[in-house]
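The structure appears right after this line, and notes come after that.
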Amino acid sequence: MTIKKNSSNSPVIPMVSVSNISMKNNYTGNWGYVFPEAASRISPCEAACPLAVPVSSIIKEIGSGRMKKAAALARWENPLPSICGRVCPHPCESSCSRKDFDEAIAIHALERISGDEPSPGPHRIRKAAGKKIAVIGGGPSGIAAAYYLLLLGHRVTIFDAGRKIGGILRYGIPEYRLPEKILDSSLKDLLALKPEIIPGQSLGKDFTFGDLKKYQYIFLGTGAGNSIKPEGISGDNSLVRPGKEVLAMTGREIAGTFGDNVIIIGGGNTAIDTARSLLRAGKKPLILYRRELDDMPAFRNEVEDAIEEGVEIITGSIAREIITKKGKITGVTCVRVSPGNSGKKRKGILSELKGSEFSLRADDVISAIGEAAGIPWGEDFIAHDSSGIITDRFGRTSMAGIFAGGDILPHPRLVVNALASGKKAAIFMDAHINRLNLDEVFDKTSICSGGHSFMRYLDLIKKPADTRGIQAQASCAEIKINHAYYRRGVRKAGHKLNPEARKTNFKEIKSGLDNESAVSEAMRCFQCGKCTLCRNCILFCPDYSITKQKDGTGIVIDYDHCKGCGICAEECPGGFIRMDMEGDR
Amino acid sequence: MKKVIIGNYSASYAVLRSRVEVISAYPITPQTQIVEFLSELCGSGDLKARFLKVESEHSALASLIGASSAGARTFTATSSQGLALMHELLHWTSGARLPVVMVNVNRALAPSWNIWADQTDSLSQRDTGWIQVYCETGQEIFDLTVMAYRIAETVMLPVMIAYDAFYLSHTSEPVDIPEQGEVDSFLPAYSPGVFLDIKHPAALGSMASPKYFMEMRHDQQCAMEKVEEVFTGSAGEYNEIFGRGYGIIETYMLHDAGKVIICASTMAGTVRSVIDAMRKDGERVGLLKIRLFRPFPAEEIRRALDGKKLAIVIDRNLSPGLGGIFAQEVKSALYSAPNPPDVIGIIAGLGGRDVTPELIKSIIIDSESDSRSGKSIIWKGLNKGGGA
């Protein structure tokens, strides 16, 4: 306040009360009964990620143009962000809060760019002097298990059936979706940790459990390599080949192996991948699926892409007989089927429609109706059922010291789930080795009853690492976004080659984002449940009870003077501040 | 420059010419056009003011309290329910001695919903410490709004400019809008004696114990007591520059009148025409129009009514349980008069009902018998079966 004295037109000085002492001795905070809680919350994307990737933190780094930090952060919970950015169906995007506003953030594209950015290299947590552990299977689950066990200082030997590790990533996902050079560069961090790798070794064929006596622990991640053969088809069934055989081949190999007209039986991702690979090798693939297009278990966008490229799909029909001539397939007799009026679309029992038989010309028939967990070591050695190996919630099998993960478990057959189960097994194997209370580790590492966080595990075992702590304090409380503070924007997710340009070769279909687009896409992120230091609460608080933290990383609420009006929670754009009952503050 | 404009735009032009710096308002019929036009003037850059959109009238005045405390010239406009919602802050504005100027377009208070003329809204705020001025013409709205800033900033009290809904707010009349330079010569920039300054932090209006409180109210009353003199002085200067003079009251044919009609605002025009007609028939009737309602010009009224036989107060308002508010104030003013007239209080025209020349004539004709009846409230123009 200023008082003007003796100014030219000497204004009237009215008698008013003025205070220039602090009001802080008036503890108005004790008037309230609800109080704001300012705490980081797990964003919906993070809660949805089976791998517990700190999505919002990575996006924040990208949005700030700190691509190197994003690259480092992206690798703490996911050893293969480049790959997940390409092949994961991204449950995170389905739960993105932005979905209700304009469009979900293109998290896959941001994950991809953070993964394609060169890795700063793995951060060893302990020196390599731990237990000797055998990882059987070098697919995604084995890679994750080996990677985290190596970080934790254990000595790991990977046994893999293939020429090179990678498993389904190398031999099951076609080049146009996941280029092999991306896989190879993604494996650099793992290889830098120097695991012993023994290729060309298949459990049950080339070695047995008996040969693994020198290993104190075993991780079993042999995948679901056994293609299921279609039943009820007469004729020479043995000529039907599994889809995974196509997927393991190069384009040239496919061209030289199969005839022109190839019928693929099935409707899952293997069927679609197989058909599209055949198409690229110059063949005429035709998918024969027993139910309707909408019922296909394959990823929706992959089905659409396949149709765009010219893959023919016949739905509502099954193969009844393989027609052969001189030991070679010449065609397939089919019949139309219908679930009738059972009302159950995907589950209804199909019955053949009389008189609807038709024949298709074919030089080859491929079965892609699913893969079963391969259990090549004898029926009763480890507990399992028809859907796979049985494990407890820590990833332990019925055999002491043997953990399992990946597609030999009955979880969804996604790369992300395989990686998550490998990471989880590594965490609990290490916890077991260190005699920790596994239940406590389970509770403290799980992110909103979803994936398990390696960073939280590091917090728990008090092993310092510079990017830890990001999720340590976060809660799973519901998040309310105040849409009034955001502008609608356009999702940037990279481009796809047009069908003509892509159907004749194995070039990667989808391009990534350039840095500029990635920054702008990242800046659309609400940062649900995180403080972005927007200062709204500081501005709106009528009691001046919110200030910036001294270190500039967040806000501090002065509960001695906050009366609990709730304006800060209302005006907090991203749901970082939330009103709570007294006593909870 | 003369323009044919509605009363509401006349208020907007006055705000433009007064170089107001902060405007905050919430729309309500019949006030809306005032602030609509002001927002356009702000948008076009003709008026360099901050226009605050707020969520209620309470916030409108609250934000002006802040702006005025920081030394800005401020304006708001409202009506009826909006004014009622401001009630708490009306007291604050005057107690904090902030020279805010507000237009209140007089409209009936609900229920029942009614958007038409009725002065109960502003008159019922008589004890909130605001200077209140009632206008009769579009020109008066312009002139008194400009004068209001001069008066407010001299005595450090807020001013409410009141005029009737639709009869004035929405009626077009020729209004002289003086050039900016002329207005500037009458109204200098606001230069407060006390204002908030972030270089010297302090809180205004803080706690004052019984030891201090009363003196502030005394100072406020002293300021009110200076208003008549300041008003008259400002009006004199205004007259010199613009050739239009305004008194705190206005009289018509009063010198020889036996009966005097007392009213405010637009009704006065109708009363004048009735007086002209009745004087042709030999009835000596006069008019006393009250322009300044707070502070109440008791002395001027006593002087004007000295020796008159009968004062007929027509109130387009009602304080239920007592009667018309102007009538109460006039009666109260005359208590200490040596030779006061009889006073009758007429309630007419509530909720925008027309007060026609015929009705005014009948009021005058009936006034002697009404005076003898001893009734404290006389209702005129009620529908049959409507009580009384």
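Letters A, B, ... are given to chains in the order of the sequence lines, protein chains preceding strands, and every chain is numbered from 1.
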### Task
Evaluate side-chain contact (heavy atoms from CB on, under 4.5 Å) for R291(B) paired with L144(B), printing each intermediate quantity in order.
CA-CA 10 Å; R291(B) 180 172 284 122; L144(B) 290 177; 3.8 Å; yes
### Query
Cation-pi between R150(B) and F186(B): NZ/CZ under 6.0 Å from ring centre and within 45° of the ring axis?
yes
### Summary
Okay, M216(B) and chain A: the region with an atom under 4.5 Å from a heavy atom over there is both
### Query
Considering all heavy atoms of both residues, which atom of M86(B) and which atom of H58(B) are nearest to each other, and what is their separation?
CG-N, 4.5 Å
### Message
For chain A, which candidate among E215(B), H218(B), Q220(B) shows the most heavy-atom pairs at distances under 4.5 Å?
### Response
E215(B)
### Task
Just do the side-chain contact (heavy atoms from CB on, under 4.5 Å) check on V100(B) and I65(B) with the steps written out, would you?
CA-CA 8 Å; V100(B) 175; I65(B) 286 169; 5.5 Å; no
### Query
Between S69(B) and chain A, which part of the residue has a heavy atom less than 4.5 Å away: side chain, backbone, both or neither?
neither
### Query
Hey, which of A203(B), A223(B), A70(B) has the most heavy atom pairs under 4.5 Å with chain A?
A203(B)
